[in-house]
Amino acid sequence: MARTPTVLVAGAGVVGLATATLLATGRCADRVRVVVLDARPIPRWRADALDPRVYALSRASQQLLEEIGVWQRVAEARAAPYRRMRVWEGPDAYAPSALDFDSADIGEPDLGHIVEDALLRTVLADALGTAPQAQLVIGAQIESIDSQPGEVAVALKDGGSMSATVLLAADGTDSTVRRLLDLRTAGHAYEQSAVVTHVKSSKSHEETAWQRFLPGGPLALLPLADGSSSIVWSLPTADAERLLAASDAEFLAELAVATTGVIGDLTSCSKRVGFPLQALHALRYTAPRVALLGDAAHTVHPLAGQGMNLGLLDAASIAAVIEDALLAGEDIGDLKVLRRYERERKGDNLAMLAVFDGLNRLFGLPGWAAPLRGIGLRAVEAADPVKRLLMQKALGLGAGRKHRVRWSRAELQA
Ligand SMILES: Cc1cc2nc3c(=O)[nH]c(=O)nc-3n(C[C@H](O)[C@H](O)[C@H](O)COP(=O)(O)OP(=O)(O)OC[C@H]3O[C@@H](n4cnc5c(N)ncnc54)[C@H](O)[C@@H]3O)c2cc1C
């Protein structure tokens, strides 16, 4: 009897777990084994603690999580909708050049949701745990990879080894798999770091995602379910290090100036965490029996909050490509199968990376460029169709549609 094909997923971040769960609970669940490896434990979500790492998830990401059958749990636990987005540059968030995106203008209830990393990973790991042919191995760090005809073998740091039909690398921006296979990348460090924290304020966030472009980098205020706001402040590295080391009072004083009072006085903040920022794109997403996904394939500036959303579209795409290949009786590790995924995702990812990179550069230009930026922003604000198009794009509507048509859990059980 032929052996059941095995998909080995490196990395139990959200992208790795989503890919594994799609495959292990999807239309080919009985035709494939799925094993997920991670070096570190998955943080367990707690109702009484807010994870400092949150994502602005697009509607497309929400739909994917609905299709996996975990969105309901996310929404019931803690997901904060954001219904508006206000983008501005100067000291006045309500200046004529400020951009205002309102979900009501396109007949949508919201523009997306802010969700904690630990919550997403908890619900995905639980869903994976219910799949009969899935396994999650924690404490497993890949040290070497050997691709042979018919299988790929990985050796682990603890001396163990595993073999599979295909290896999907969702092991993040510093991907070990990408390095071991010598898959080249293009990109550059931004010489910026993001300072991330949650703040409490005297005024409501009004379910609005606020984004101010400052000369040193963008500052985002994302609305959270408990009324506080998540701060993602990208700054030149030296400034970020200074703010990470500052006292809470000093940090809040500088942040208050930068936020121009849009959420009122800032009364407290949680522990601050820094993330060095870079743009990175793998020149190839595939090698024999291997494919790169999520941040391992592409890392974008967080200014538009799209890195995770792009990674989840990768997850939907590779899962659909593998399922189609299984149904057609093809070898799921064959390079020609994996290239279908690469062809589908690479162009979109590269285009998004270029747009975010360009925006960061444009708003980093000195004062002389401010009037030009103002003209551009005012033109977008005045042009209704352009604004609508940007909102549709941010929601992720229309992206990868055919790969998000799946069976719901109820239909699978019927
Ligand atoms: C400040 C900031 C704010 C952001 N905000 C947003 C946002 O609002 N919306 C959005 O869409 N995106 C956002 N992003 C981007 C988002 O964080 C990333 O795109 C996303 O986390 C990538 O997920 P991933 O699963 O590919 O990788 P990761 O989350 O990095 O997960 C990789 C996993 O692989 C494991 N691993 C690593 N090496 C090995 C190994 N050798 N063996 C086994 N396991 C290994 C790690 O332990 C980890 O669990 C933001 C990024 C930053 C820096």
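Read the numbers this way: they start at 1 and go in the same order the structure lists the ligands and their atoms. None of these values were measured; they are calculated from a predicted model. Starting from 1, each residue takes its place in the sequence as its number.
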Which is it for [X] and ligand 1 at heavy atoms under 4.0 Å: side chain, backbone, both or neither?
X: R121; answer: side chain
X: A170; answer: backbone
X: D117; answer: neither

Heavy-atom proximity to [atom], best of [options]:
atom: atom 15 (C) of ligand 1; options: G294, A18, P302, G307; answer: G307
atom: atom 27 (O) of ligand 1; options: A296, G172, P41; answer: G172
atom: atom 42 (N) of ligand 1; options: I142, L37, I231; answer: I142
atom: atom 18 (C) of ligand 1; options: D295, L312, L17, V300; answer: D295

Where ligand 1 meets [X] - atom numbers and elements under 4.0 angstrom, heavy-atom basis:
X: A194; value: 1 (C)
X: V14; value: 25 (O)
X: N309; value: 11 (O)
X: A140; value: 42 (N), 43 (C)
X: G11; value: 33 (C), 34 (O), 35 (C)
X: R53; value: 17 (O), 21 (O)
X: V196; value: 1 (C)
X: G13; value: 25 (O), 31 (O), 33 (C), 49 (O)

Would the H301 and Y190 ring centres measure less than 6.0 Å apart?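 Yes.
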Say whether [X], considering both its backbone and side-chain N or O atoms, lies within less than 3.5 Å of an N or O atom on ligand 1.
X: A56; value: yes
X: T173; value: no
X: L222; value: no
X: M308; value: yes
X: Q141; value: no
X: G16; value: no

When you measure from the heavy atoms of [X] to every atom of ligand 1, does any distance fall below 4.0 Å?
X: E143; value: no
X: S234; value: no
X: A10; value: no
X: A39; value: yes

Residues [X], [Y]: salt bridge by 4.0 Å N-O rule:
X: R340; Y: E330; result: yes
X: K157; Y: E143; result: no
X: D100; Y: R84; result: yes
X: D126; Y: R73; result: yes
X: D146; Y: R289; result: no
X: R78; Y: E116; result: yes

Report the C-alpha distance between D92 and T260 in whole Å, list the side-chain angles of each, state the deciding distance to 0.1 Å, and finish with yes or no for side-chain contact (heavy atoms from CB on, under 4.5 Å). CA-CA 7 Å; D92 181 6; T260 65; over 6 Å; no
Side chain [X], main chain [Y], donor-acceptor under 3.5 Å:
X: T165; Y: T6; result: yes
X: R59; Y: D110; result: yes
X: N309; Y: G305; result: yes
X: K200; Y: G227; result: no

Can you tell me which residue and heavy atom of the protein come closest to [atom], and the distance to 0.1 Å?
atom: atom 39 (C) of ligand 1; value: D171 CB, 3.9 Å
atom: atom 41 (N) of ligand 1; value: T176 OG1, 2.9 Å
atom: atom 13 (C) of ligand 1; value: Y55 CD2, 3.8 Å
atom: atom 5 (N) of ligand 1; value: V54 O, 4.1 Å
atom: atom 24 (P) of ligand 1; value: V15 CG2, 3.8 Å
atom: atom 49 (O) of ligand 1; value: D38 OD2, 2.6 Å
atom: atom 9 (N) of ligand 1; value: G305 O, 2.9 Å

Determine, for F251 and R272, whether the Lys NZ or Arg CZ falls below 6.0 Å from the six-membered ring centre while staying within 45 degrees of the axis.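 So R272 does make the cation-pi contact.
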Just by distance, no angles: are the side chains of S97 and E89 close enough, under 3.5 Å, to form a donor-acceptor pair?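 Short answer, no.
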With no hydrogens and no angle check, just 3.5 Å: does a side-chain donor-acceptor pair link E342 and T286?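 Present: a donor and an acceptor within the cut-off.
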Give the intermediate values and the outcome of salt bridge (Lys or Arg N to Asp or Glu O under 4.0 Å) for residues D51 and R121. CA-CA 12 Å; D51 187 347; R121 291 169 79 186; over 6 Å; no
Using a cut-off of 6.0 Å, state whether more than 12 heavy atoms not belonging to D265 lie near its atom CG.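 No - once you tally the heavy atoms of other residues, nucleotides and ligands closer than 6.0 Å, there are 12 at most.
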Could you check whether atom CD of E191 has more than 12 heavy atoms from other residues, nucleotides or ligands sitting under 6.0 Å from it?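 Result for CD/E191: open.
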